[in-house]
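Have a look at the structure below, then the notes.
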Amino acid sequence: MSNKKNTKKASDSEDEDFEEEEDGSEGSEEEDSAENSVKEEEDEDDNDENDIKEEDNADTKIEVKDENNDEEEEFKPSINGNKRKNDTSVEKAAGLVNAKQVKTSGGDAIKKPVQKQQDSDDEDDENSDIKWKYLEHHGVLFPDYWQKHNVRPRYDGKPFDLNLYQEEMATYWSQTLGTDWEHKPKYRENFSKQFLDTFGKDKSKLEFDKFDFTPIKTHLDEQREIRKNRSKEEKNQEKQKKEKLADFYAGAILDGFREKVGQFMIEPPTLFKGRGEHPKMGLMKGRIQPEAVVINIAKDAPVPKCSVPGHGWSEIVHKQDVTWLASYKDDSVKKQHKYIFLSAESKLKAENDKKKYEKARRLKNLIGQIRENYERKLRSSDPIDRQLGTATYLIDKLALRVGNEKSEEEADTVGCCSLRVEHIQVLDNSQIGFDFLGKDSMRYQNTVKVTEIVWKNMQAFTKNKKPQDDLFDRIDASSLNEYLKSQMEGLTAKVFRTYNASHTLQQELDKANQEGLDKMDLKDKLNFYDEANRNVAILCNHQKTVGKNFDVMVGKMEQRINIYKDYEKELHTHLNKCKKNGVNPYEKEVILEEKDDGKHKMFVKKFPGTKEKIQEAIEKIKKKIDEEQNKKQSKEKNKEIALGTSKTNYNDPRISVVWCKKWEVPVEKVFPKTLIAKFVWAMDTDLEWSF
DNA sequence: CAGACGACTTAGTACTTGGGGC
DNA sequence: GCCCCAAGTACTAAGTCGTCTG
C-alpha cells in the first residue's frame with residue numbers, strides 16, 4: 001500500500017499554498033480525473049499505485065442471516081463481496097486473529113442461531129473493545145479542485161486579477177454576500193486578514209474595503225439561475241451520476257453484512273461558519289488531500305483506491321477497536337479530527353443506540369435511590385459534595401448538559417459545571433433564574449422554583465464571587481461523572497437527558513387514555529403526539545431560529561382564515577335569502593382575490609343555487625377554517641422549537657412504536673423514512689413494552 | 001493529575017424534494 | 001402541469017466522555 005509523504009499542511013501558510021496550486025495545471029488535470037474516478041474504479045484497476053488484487057470480482061450477494069436484520073436492504077455497492085459467515089466463534093474475535101482466518105474458517109450457513117449469537121456477544125465482555133472482525137469499503141470521495149472562472153473583483157473600481165487560490169477564497173466570500181455573515185465583524189476581519197495575507201509583500205498596499213466582489217456574486221447568481229433552468233434530461237443525468245457515485249462509496253461490508261456509509265465526501269474547503277460568537281469564523285477551511293486521510297479496513301480487505309491521481313492515502317490501518325472507516329486531521333481552522341462512519345441505520349450504530357436507551361432505562365429503575373443520594377449530598381458539610389449534589393440536581397431536573405471546559409478559541413458557551421455567577425439569578429420565593437448560552441450558542445432562559453436547600457446552596461455558591469467566576473468552583477465535568485459512576489455503572493450526565501426525555505415522552509403519551517384518543521381522527525392523534533414531542537423538546541431546550549418570513553407566513557394564514565370566515569358569513573346570509581325566497585334564481589361566481597400578475601386565483605367564492613348546496617359549501621368552508629387554524633396554531637407553537645432533535649437522539653423509538661400500534665397510527669406518520677431505517681431494531685416492539 | 005487527544009453522539013441550518021392546491 | 005411551501009435530508013459544527021501522556 002502506498003504511503004506517500006509529500007503531504008503539505010492544508011493551509012497554514014497561504015503563500016506556499018497558493019503558489020503550489022497557482023500553476024493551475026495540477027488543479028484542472030486532477031479535476032477531470034476526479035470526475036471520471038467512478039468509471040475508472042469500476043472498469044480499470046491497473047493504473048493505480050494502490051494496486052489491489054481483486055480476487056473475486058463477482059458482485060456476490062451476501063446472505064443475510066441475522067433475523068434482526070431481515071429488513072436490511074441490500075443496497076448494491078459494487079464491493080467485491082466475499083461471502084462470509086457472520087457468526088464467528090468467540091476465540092476468533094480475540095483481536096489478534098486476523099480477518100483472513102475469520103474469513104476462511106468454516107462454511108457458510110452452518111450456524112444459524114440468532115439467539116446464540118446475541119448471547120455470545122454479551123459474554124464477549126473481555127473483547128468488547130472489538131467493534132468488527134471484517135471491514136471493507138471504498139474509501140472516501142474528494143471534492144473537485146478549484147476551477148477558475150476568471151471573474152474578477154474590482155479594486156478601487158478597476159478589475160483586479162486573482163490567482164487560483166485567491167479566486168477560490170474570494171468566491172467563498174462572495175457566496176456569503178447578502179447573508180448575515182457579511183455583516184459579522186469577526187467574519188469579515190478573519191477573512192480579510194487571511195485574504196490579504198495571500199498577497200505576500202503586496203498586501204501592505206491593499207485595503208480590503210476597496211475590494212468589490214459584486215462581479216463574482218453576480219456570476220454566482222447567474223450560475224445558479226443557469227443550473228435551475230437546466231433541461232429535465234440534464235438534471236436527470238446529473239442525478240444519476242450522483243447516485244452512481246453514492247452507490248459506489250456508500251457501500252461497505254462489516255462482518256458479512258452490507259452496510260451503508262454515512263457522509264463519505266471529504267468536507268470541501270470553504271469559509272468556516274461557526275455558531276454564535278465564534279472567534280474563528282471566516283477563516284479558510286483548508287483542502288484535505290488524500291495524504292491526510294487514514295483508511296481503516298480489515299487486514300485482508302482490498303485497499304480502496306484513492307480517486308485523486310498522483311495521490312495516495314496517508315496510511316492504511318486495521319484498528320478493530322474503532323468504528324470509523326476513514327479519518328483525517330484538519331487543523332486549518334482549529335485542531336480537530338474528522339471521521340467517516342457507517343450511517344445511522346447500520347447495525348453498529350443501531351446497537352449503540354439501543355444500548356443507550358437500555359442504559360437510560362437502568363437509570364429509570366435506580367432514579368429513586370440516586371435522587372435520595374444527591375438530596376443527601378445537598379446538605380453535606382463538605383462543600384465539594386454540596387456542589388456535586390446541586391449540579392446533579394440541575395442536570396436531573398432541568399436536563400442541563402454537563403458543561404465541559406472550553407478553550408478561548410471557541411464560542412463562549414456553558415453547561416452545568418461551567419456555569420458562571422453571571423448566568424444565574426437568585427430570586428425570591430425559592431426561585432432561580434437561568435440565562436446562558438448552551439451548545440450551539442442556543443440561549444437557555446428559564447426561571448425555576450427549586451427546593452429550599454438547593455436555593456440556599458446556589459446563593460452560597462455565588463457569595464463573594466465576581467460575575468465571571470465559576471458557580472461550581474470545586475467540581476468539573478469529570479469529577480461529576482465520577483460521582484455519577486459511583487451511583488450506577490456507566491452513568492454519566494448525558495444519560496439523565498436521555499432518561500428524562502424518554503420518560504417525559506412516555507408519560508405524555510400515556511395520557512392518551514384520558515384524552516380519549518380512540519375517538520379522535522388521525523390528524524388529532526398526530527397533534528397529540530406532537531404535543532408530547534414538544535414537551536420533550538422544551539425540556540431539552542431544542543430550538544430553531546425563526547425563519548425570516550415567519551411573520552409573513554402567519555400573516556398570510558390569518559388573511560386566508562379571515563377570507564374564509566367572511567365567505568362563511570356571506571354564505572349564511574345567502575342561505576337566509578334562499579330560505580325566504582324559496583329557490584334562489586341565480587348562481588354567481590365572484591373572484592375574490594387575484595395575484596398581481598392576474599394569473600392566480602387565490603380563492604373563488606361560489607354562491608350555489610340551492611339550499612342543500614349552500615349548506616354543503618358552509619360545511620366545507622368550516623372544515624377549511626378549522627384546518628387552517630390548526631396549521632397556524634402548530635406553526636406558532638413550533639415557532640422556535642425543534643422537534644426533530646429529540647426524535648432522533650433522545651426519545652426511545654420503542655415508545656413511539658408502541659403508541660402507534662396501540663392507537664392505530666401508521667409509524668410513517670411520526671417517523672420519516674430515515675428514522676424508520678435508523679430505528680428498525682425498535683419496529684417490532686410489542687404492545688406490553690414501556691420505557 | 002491536568003490537559004491533550006481520540007472517538008463518538010448530538011445539534012441547528014442550508015438545501016432539496018415531493019406532494020397538495022390551483 | 002406548475003408552483004409553492006413544508007417536510008425531510010445532507011451537512012458539518014459542537015458537544016460528551018474515555019483514555020493516553022508527560
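Worth knowing before you read on, the calculation uses all heavy atoms, side chains too, and leaves out hydrogens, waters and symmetry mates.
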Need one value for [X]: base, sugar-phosphate or nothing, where a base atom within 4.0 Å counts as base even if backbone is also close, heavy atoms only.
X      : answer
A:K319 : sugar-phosphate
A:K329 : sugar-phosphate
A:M265 : nothing
A:K334 : sugar-phosphate
A:K647 : nothing
A:Y650 : sugar-phosphate
A:T323 : sugar-phosphate
A:D353 : nothing

Parallel, tilted or perpendicular: rings of [Y] and [X] (30°, 60°):
X      : Y      : answer
A:H138 : A:F248 : parallel
A:F272 : A:H278 : perpendicular
A:Y249 : A:F264 : parallel
A:W181 : A:Y187 : tilted

Spacing between [X] atom [atom1] and [N] atom [atom2], to the nearest angstrom:
X      : N      : atom1 : atom2 : result
A:N649 : B:dC8  : CG    : P     : 17 Å
A:D331 : C:dA13 : CG    : C1'   : 16 Å
A:K548 : C:dC5  : NZ    : P     : 16 Å
A:E267 : B:dA14 : CD    : P     : 16 Å

Residues [X] and [Y]: side-chain donor-acceptor under 3.5 angstrom:
X      : Y      : answer
A:K439 : A:T413 : no
A:Q387 : A:D473 : yes
A:Y172 : A:E168 : yes
A:D476 : A:S479 : yes
A:N446 : A:Y444 : yes

Nearest to the side chain of [X], which nucleotide is it out of [options]?
X      : options                : answer
A:N404 : C:dT16, B:dA11, B:dT13 : C:dT16
A:D440 : B:dA11, B:dC5, C:dA13  : B:dA11
A:V322 : B:dA11, B:dA7, B:dT9   : B:dA7
A:T545 : C:dA14, B:dT13, B:dA11 : B:dT13
A:K439 : C:dG15, C:dA13, B:dT13 : C:dG15
A:K338 : C:dT12, B:dG12, C:dC5  : C:dT12
A:M442 : B:dG12, B:dC8, C:dA13  : B:dG12

Which of [range] have a heavy atom under 4.0 Å from DNA chain C?
range                       : answer
residues 395-403 of chain A : A:R401, A:V402, A:G403
residues 632-644 of chain A : A:K635
residues 408-418 of chain A : A:T413

Taking A:K280 as the fixed residue, which of A:E410, A:E408, A:E409 is the one that meets the salt bridge (Lys or Arg N to Asp or Glu O under 4.0 Å) rule? A:E409

OP1, OP2 of [N] versus side-chain N and O of [X]: anything below 4.0 Å?
X      : N      : value
A:T648 : B:dA11 : no
A:T674 : C:dG8  : no
A:Q263 : C:dC11 : yes
A:H542 : B:dA11 : yes
A:K406 : C:dG15 : yes
A:K673 : C:dA7  : no
A:K556 : C:dC5  : yes
A:K273 : B:dA14 : no
A:K285 : C:dA13 : yes
A:H337 : B:dA7  : no
A:K131 : B:dC8  : yes

Within the 4.5 Å heavy-atom criterion, are [X] and [Y] side-chain neighbours or not?
X      : Y      : value
A:S332 : A:M284 : no
A:K639 : A:F550 : yes
A:M683 : A:F671 : yes

Under the side-chain contact (heavy atoms from CB on, under 4.5 Å) rule, what do A:S656 and A:F679 come out as? Steps first, then yes or no, please. CA-CA 11 Å; A:S656 301; A:F679 295 142; over 6 Å; no

Has the side chain of A:K544 got a donor or acceptor that lies under 3.5 Å from a partner of the other kind on the base of B:dT13? no

Please assess A:R443 against A:D435 for the test side-chain contact (heavy atoms from CB on, under 4.5 Å), listing each intermediate value before the final yes or no. CA-CA 7 Å; A:R443 190 170 179 190; A:D435 192 349; 2.7 Å; yes

Indicate yes or no: does A:K260 engage A:E345 in a salt bridge with an N to O separation below 4.0 Å. yes

By nearest heavy atom, map A:D321 and A:K242 onto DNA chain B; which one lands nearer the 5' end? A:D321

For A:N296 and A:K319, indicate whether the former's side chain and the latter's backbone hold a donor-acceptor pair under 3.5 Å. yes

Are any side-chain N or O atoms of A:K131 and backbone N or O atoms of A:D321, one a donor and one an acceptor, separated by less than 3.5 Å? yes

Between A:K239 and A:E243, is a side-chain contact (heavy atoms from CB on, under 4.5 Å) present by the stated rule, with each step listed? CA-CA 6 Å; A:K239 202 177 164 187; A:E243 268 166 17; 3.8 Å; yes

When you measure from every atom of DNA chain B, which of residues 473-498 of chain A have a heavy atom less than 4.0 Å away? A:K494, A:R497

Sorted by number, the residues of residues 523-541 of chain A with heavy-atom contact under 4.0 Å to DNA chain B: A:N541

Review item, side-chain donor-acceptor pairs of residues 487-497 of chain A, under 3.5 Å, at least two apart:
{"unit_1": "A:Q487", "atom_1": "OE1", "unit_2": "A:N373", "atom_2": "ND2", "d": "2.7"}
{"unit_1": "A:R497", "atom_1": "NE", "unit_2": "A:Y650", "atom_2": "OH", "d": "2.9"}
{"unit_1": "A:R497", "atom_1": "NH1", "unit_2": "A:A399", "atom_2": "O", "d": "2.6"}
{"unit_1": "A:R497", "atom_1": "NH2", "unit_2": "A:C540", "atom_2": "O", "d": "3.4"}
{"unit_1": "A:R497", "atom_1": "NH2", "unit_2": "A:Y650", "atom_2": "OH", "d": "3.4"}

